[in-house]
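Some notes on the structure that comes next.
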Amino acid sequence: ETGVTQSPTHLIKTRGQQVTLRCSSQSGHNTVSWYQQALGQGPQFIFQYYREEENGRGNFPPRFSGLQFPNYSSELNVNALELDDSALYLCASSLGTRGGETQYFGPGTRLLVL
Amino acid sequence: RKEVEQDPGPFNVPEGATVAFNCTYSNSASQSFFWYRQDCRKEPKLLMSVYSSGNEDGRFTAQLNRASQYISLLIRDSKLSDSATYLCVVNPRYSGGGADGLTFGKGTHLIIQP
């Protein structure tokens, strides 16, 4: 296994609510990236955190936000949930940000928005 | 044009056969390339990195053609356990302005039949 953990494993929310997802990176990894995977699609990059700061962002609205803590664990927060936010949310840890580093994925959190 | 394009399949292949997948990518500045494997309702797992010189890992061979922006994966002597979705993944050049994250294709679904 990769050593990347995520919680919770499953979550059901209603439209308009807020959600926080958590990720613990692999030991020694200082970079966490978050991805959204809708059914039948490949994962889409949300953002990346490096040394507690956002280091890059994909095409997601500001209601998707995050944090990284001194121990390199990370949170993904989504406000004002919409039905289309239903997806598998994956975090991936890696070492460094030069590009090309292998990213190791956690098991994901399945979010269902009703 | 989509950033990473793959034939979604499914590819139905008898056990023991050889199967090949291809993908194309649009960003000529892309820096690194990977194949990930994803089992149903699981996270993506790194299968192998892809290099211009070609690389082999047991029954798996990957090849990159930068001029044609084309990546391939060959699986020889396929096993039932090879049944999965294979994701072609590209890591764009790190621009210095922030990470771009991994760019995934939609995946190719492979079914190995006994």
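Each chain gets a letter, A, B and so on, in the order the sequences are listed, and its residues count up from 1.
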Sorted by number, residues from residues 38-48 of chain B in contact with chain A (heavy atoms, under 4.5 Å):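 Listed by number, the contacting residues are B:Gln38, B:Arg41, B:Lys42, B:Glu43, B:Pro44, B:Lys45, B:Leu46.
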A:Tyr35 versus B:Leu102, closest heavy-atom pair with distance: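 Shortest heavy-atom separation between A:Tyr35 and B:Leu102 comes out as OH-N, 2.9 Å.
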Verify same cluster id: A:Tyr72, A:Trp34 (apolar side-chain graph, 4.5 Å):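 Different clusters: A:Tyr72 never reaches A:Trp34 through Ile, Leu, Val, Met, Phe, Trp or Tyr contacts under 4.5 Å.
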ILVMFWY network linking A:Tyr89 to A:Tyr104, side-chain heavy atoms under 4.5 angstrom: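 A:Tyr89 does not cluster with A:Tyr104.
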Residue pairs, two or more places apart or on separate chains, that pass side-chain hydrogen bond (donor to acceptor under 3.5 Å, both in side chains) and touch residues 8-20 of chain B: B:Asn12-B:Gln113
Do other residues, nucleotides or ligands put more than 12 heavy atoms under 6.0 Å from the [atom1] atom of [X]?
X        : atom1 : result
A:Arg63  : CZ    : yes
A:Leu39  : CG    : no
B:Lys106 : NZ    : no
B:Arg59  : CZ    : yes
A:Asn71  : CG    : yes

Which atoms of B:Tyr36 approach chain A - backbone, side chain, both or neither, heavy atom under 4.5 Å: side chain
Most chain B-contacting option - heavy-atom pairs closer than 4.5 Å, from A:Gln37, A:Gln6, A:Gln44, A:Glu54: A:Gln37
Heavy-atom pair count under 4.5 Å with chain B, highest-scoring of A:Pro107, A:Pro43, A:Gly108: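 Max contact count across the listed options: A:Pro43.
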